[in-house]
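Below you'll find the structure, written out as C-alpha cells, and then a few comments.
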Amino acid sequence: MAQITLTFPDGNARDYSAGITAAEVAADISKSLGKKAISADLDGDHFDLQWPIERDSRISINTMADDGPALELIRHDLAHIMARAVQELWPDVKVTIGPVIKDGWYYDFDRDEPFTPEDLGAIENKMKEIINLRDPVTTEVWDRDRAIAHYEQSNEPFKVELVEAIPQGDPVRMYWHGHWQDLCRGPHLQHTGQVPADAFKLMSVAGAYWRGDSRNKQLQRIYGVAFKTRAELKAHLTMLEEAAKRDHRRLGREMELFHMQEEAPGQVFWHAGGWALYTTLQDYMRRRQRAGGYVEVNTPQVVDRKLWEASGHWEKYQEHMFIVEVDEEHAREKSINALKPMNCPCHVQIYNHGLKSYRELPLRMAEFGACNRYEPSGALHGLMRVRGFTQDDAHIFCREDQIEAETRRFIEFLSAIYRDLGFEKFAVKFSDRPETRAGADDIWDKAEHALKSATEAAGYAYELNPGEGAFYGPKLEFVLTDAIGRDWQCGTLQVDFVMPERLDATYIGADGAKHRPVMLHRAVLGSFERFIGILIENFAGRFPFWLAPRQVVVATIVSEADAYAQEVVAELRARGLRAEADLRNEKINYKVREHSVGKVPVILAIGAREVSERSVSVRRLGEQGTTSAPFDEIAQSLVREATPPDLR
RNA sequence: GCCGCUGUAGCUCAGCUGGUAGAGCACGUCAUUCGUAAUGAUGGGGUCGGGGGUUCGAGUCCCUUCAGCGGCACCA
C-alpha cells in the first residue's frame with residue numbers, strides 16, 4: 001500500500017497509507033478530535049470525513065468550532081434535509097439544485113401546486129423529524145451513465161440534465177441522507193442529527209428560473225436561514241427587523257420625504273422634506289462639478305426617434321423607452337419620439353455644434369439629466385429602481401491619450417464626494433473586453449491599460465470582472481458599503497469608442513486633420529433618487545445636519561413663549577437653516593417625543609426662562625441631556641454645522 | 001415580464017363558515033400652560049384598490065385589471 005504524507009496546520013507531518021479517510025486521521029491525532037471532527041480541508045478544498053485521501057496534502061481537521069466550514073456543512077445538509085422533507089410530503093415534486101448562500105441556503109423545486117406559508121411550516125416540522133432520526137449521511141462515486149439511468153428511472157428530469165452536463169469520465173458523486181438520495185458535490189456532515197434542529201428557519205418561497213434563464217421553466221425556490229445556535233438565529237432575525245426599520249420606503253413615509261402612487265408607478269412625488277434633501281444634495285454636486293472643471297448643460301426630454309436610431313438605442317432598448325407619438329394635424333406622417341432614457345446622444349449634439357479643436361479637450365460636459373426608462377414592472381423597488389430619475393451624468397470628450405489622466409482625476413473627484421457624504425470606503429471593479437465588442441483590439445489594450453493604471457495611481461485596488469465590459473468599451477464601477485454592510489454600486493466610468501463614431505463627433509487635431517474623440521460616460525451618485533434611498537438607509541433617517549430635511553424644531557413649553565419662538569425660527573431661516581416652530585398646546589414631553597421619532601437633529605425648547613434670557617435650550621437627537629445658551633451663540637454654531645462639507 | 005403573496009380610515013391592523021364595517025395611533029374640538037420621548041375628555045372620518053360576475057344579499061366566493069411586497073429575469 002502506497003504511503004502518503006499529510007502536513008498539519010502546525011507544520012507537523014505524518015505518513016499514512018493512501019486511501020485513509022480524514023475521519024481516521026482525526027481519530028489518529030486524538031480521540032477527542034476524532035469525535036469532534038466534522039470535515040477536513042485538503043490543500044484548501046473542503047471535503048467530508050469519509051473522503052479517501054490518495055496523495056500528499058496539507059490537511060486541517062474542522063470541528064463545529066470552525067465557523068466557516070461548520071456553517072457551510074449545516075446549511076448544505078439542511079438543503080438536502082429540506083429536499084427530502086419536501087419529497088416525503090409530496091413524492092411527485094421534482095428536485096433540482098440547492099446551494100448554500102449568505103446566511104442560509106435555497107432549494108429549487110418543480111411542483112405544479114404553489115407552496116403556501118402553511119406548507120413551509122409543515123416542511124420545517126418534517127425537517128426536524130429527519131434531524132431527530134440521526135440518519136447517516138453516506139456517499140458513493142458513480143459513473144455518469146449509471147447516474148443518468150438512475151435519474152431517468154426515478155423520473156427526475158432536472159437531475160438527468162445536471163448529470164448530462166458533467167463531462168464524460170468525470171466522477172459523479174451521490175449522497176444519501178438516510179434513504180433519500182441526491183446528486184451533490186458535497187461535503188456533508190456524518191449524520192442528520194449533527195444539524196442544530198432549533199437554529200434554522202424557512203423564510204420565503206419565490207419563483208426562480210431553471211438555470212437562471214427566463215426562457216426556461218419557472219421553479220419554486222424555498223429560502224432558509226441557518227446558524228449554529230438558536231441565539232444566533234434569533235440575532236439574525238432581529239437584525240432583519242432592524243434593517244426593515246431603516247427601509248427607505250418606510251422612513252420616506254414616516255419622515256414625509258416622498259410618496260409614490262398607482263397613477264405614476266416608478267415615479268416619485270417628492271414632498272417638501274425630501275425635496276429639501278434632494279436640492280441640498282444637488283446644490284452640493286453642482287458646486288463640486290463646477291470646481292471639478294465641468295461645464296453644466298441641459299438637454300430636451302422628448303427627442304425624435306431619428307436620434308435614437310443614430311445612437312443605436314432604438315434598436316437595442318426600444319422596449320424600455322417611453323414612446324411618445326405626436327399626431328400633428330398637418331404633418332405628413334406621425335412623428336415618433338421617445339423620452340430620453342439617457343443623456344449621451346444629446347450631449348454629443350451639443351459637442352457637435354461648431355468645430356472643436358484639440359485644445360478644447362478634455363471637454364467635461366455635465367447634466368443633471370432627467371431620464372425616463374420603462375423598467376419592467378417586477379424590477380421597480382421604491383427609490384432604488386424607478387422609471388423617472390435624474391442622473392448626475394457627465395461625458396468627458398477627450399483624446400485617447402487623455403483617458404488615463406481623466407480617469408485618475410475622476411476617481412479623486414468621486415472619492416472626495418463619497419467621503420463628504422459619509423462613505424469612507426468604496427471598492428472598485430474593473431470590467432474588461434467582452435466576447436462581442438466594437439473597436440479594434442489595440443484600442444481596447446490602450447483603454448484597459450489606462451483604466452487600470454489610473455486606478456492604481458489613485459491608490460485603489462480593483463477587482464477584475466473578466467468579460468463584463470460594455471460592447472463599446474471597458475468600465476470601472478464604484479461600490480460603496482453602507483452602515484450595515486450592504487454594497488451599493490453607484491459610481492461608474494465607461495470608455496466609449498462607439499458613440500462618437502455613430503454620432504460623428506470630431507475634433508481638429510494639431511495636424512489640422514479631423515480626429516475622433518473618445519467619450520467617457522461617468523456618474524458619481526448614479527441617480528439622485530436611488531442615492532437618496534441609499535442615504536436614507538445608511539443613516540437610518542438620522543442624516544448629518546447639513547442634509548437633514550428638517551434641521552431644527554423650535555418647541556414652546558408655555559404659550560407665552562410663542563412670539564419669541566417665532567422670532568427664533570425667523571432668524572434661523574434668515575440664516576439659511578430649515579427651521580420650524582411647534583407652538584401646539586402640548587406638553588414638551590409630547591413635542592420632544594414626536595420630533596425625536598421624526599428624526600429632527602436639533603430641538604430648541606423655549607419656556608419662560610428662555611424668553612426672559614433670550615436663550616434657547618438645545619436637545620440633540622439621540623442625546624438625553626440638554627444644554628442652554630444664548631440664542632445668538634447657538635444660531636452661529638448651527639449655521640457652521642449646516643455648512644456643506646465642501647464649503648467648510 | 002415571470003412565480004407567489006398582499007390590497008379594509010392618513011398609518012398599523014382586526015373583521016369566524018357571505019347577512020349591509022371596527023381598534024390603536026394620527027386628525028378636529030374643549031379643558032389643561034405644563035421644563036425635555038405620548039395630559040384628559042370628546043368628535044369626525046372608510047363607495048373595503050378598480051371593473052365585471054354568482055347570490056335575495058359580497059369586505060368575505062369567482063373572473064378580470066391595476067398597484068405594492070418577496071424573489072427570478074432585466075438594469076444602456
Side-chain angles (χ1 to χ4, degrees), chain A residues 106 108 111 113-117 119-120 203-223 244 247 249-250 253-254 256 259-266 308 311-321 340-345 371 373-382 384-387 389 391 393 470-472 475 489 492 494 496 498-499 521 526-527 530 555-562 583-598 603-610 617-628:
Chain A
Y106 67 77
D108 287 347
R111 181 192 185 214
E113 293 289 300
F115 289 110
T116 65
D119 291 342
L120 291 192
M203 301 298 284
S204 62
V205 53
Y209 298 107
W210 169 238
R211 303 199 139 180
D213 189 330
S214 59
R215 288 167 300 189
N216 288 343
K217 178 156 191 182
Q218 190 151 35
L219 307 168
Q220 296 190 62
R221 175 173 296 179
I222 302 178
Y223 285 92
D247 188 307
R249 293 164 297 189
R250 173 178 175 156
R253 186 176 56 238
E254 287 173 0
E256 293 178 79
H259 87 269
M260 298 168 105
Q261 66 186 46
E262 254 185 71
E263 288 78 1
W308 305 114
S311 69
H313 292 99
W314 190 261
E315 188 194 3
K316 210 164 173 225
Y317 294 108
Q318 195 188 144
E319 276 154 46
H320 300 290
M321 286 160 79
K340 72 173 170 191
M342 55 185 343
N343 309 298
C344 32
C371 296
R373 295 180 184 175
Y374 190 79
E375 299 285 2
S377 58
L380 302 179
H381 180 90
M384 300 306 188
R385 191 80 181 270
V386 288
R387 287 180 177 162
F389 57 93
Q391 294 175 313
D393 198 11
F471 76 93
Y472 50 76
K475 66 179 176 190
Q489 195 237 297
T492 180
Q494 307 185 9
D496 189 344
V498 173
M499 185 85 61
H521 306 252
S527 92
R530 177 164 174 274
T556 51
I557 297 168
V558 292
S559 53
E560 280 72 40
D562 287 2
L583 309 180
R584 291 176 303 171
N585 176 15
E586 294 291 351
K587 292 178 128 176
I588 190 65
N589 289 299
Y590 182 90
K591 296 184 183 181
V592 165
R593 178 175 196 281
E594 186 170 290
H595 300 304
S596 299
V597 168
I603 298 171
L604 301 182
I606 293 184
R609 196 162 61 231
E610 284 77 14
S617 159
V618 184
R619 185 190 166 106
R620 297 245 164 202
L621 181 60
E623 288 174 19
Q624 291 294 324
T626 61
T627 56
S628 204

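Every value quoted in this text rests on a predicted model; they were computed, and no experiment measured them.
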Inset, instruction - Would you please confirm or rule out a distance under 4.0 Å between OP1 or OP2 of B/A26 and any side-chain N or O of A/Arg584? - result: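 So the side-chain polar atoms of A/Arg584 never come under 4.0 Å of the phosphate oxygens OP1 or OP2 of B/A26.
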Taking the same atom, [atom1], in [N] and in [M], what whole-Å distance lies between them?
| N | M | atom1 | value |
| --- | --- | --- | --- |
| B/G59 | B/G52 | P | 14 Å |
| B/C66 | B/G28 | C1' | 34 Å |
| B/C69 | B/G43 | C1' | 36 Å |
| B/G15 | B/U55 | P | 28 Å |
| B/G10 | B/G49 | P | 13 Å |
| B/U60 | B/U42 | P | 34 Å |
| B/C16 | B/U8 | P | 15 Å |

Inset, instruction - Tell which nucleotide pairs with B/G24, taking only Watson-Crick or G-U wobble pairs whose two distances are both under 3.5 angstrom. - result: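 Partner of B/G24: B/C11.
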Legend entry - Paired nucleotide for B/C30 [Watson-Crick or G-U wobble; both distances under 3.5 Å]: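 Per the H-bond distance test, B/G40.
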Give [X] one of three labels, base, sugar-phosphate or nothing, depending on what nucleic acid heavy atoms sit under 4.0 Å from its own.
| X | value |
| --- | --- |
| A/Gly212 | sugar-phosphate |
| A/Lys587 | base |
| A/Tyr317 | base |

Legend entry - Footprint string (nucleotides 7-13 of chain B, 5' to 3'): B base within contact, S backbone only, - free, heavy atoms under 4.0 Å: ----SS-
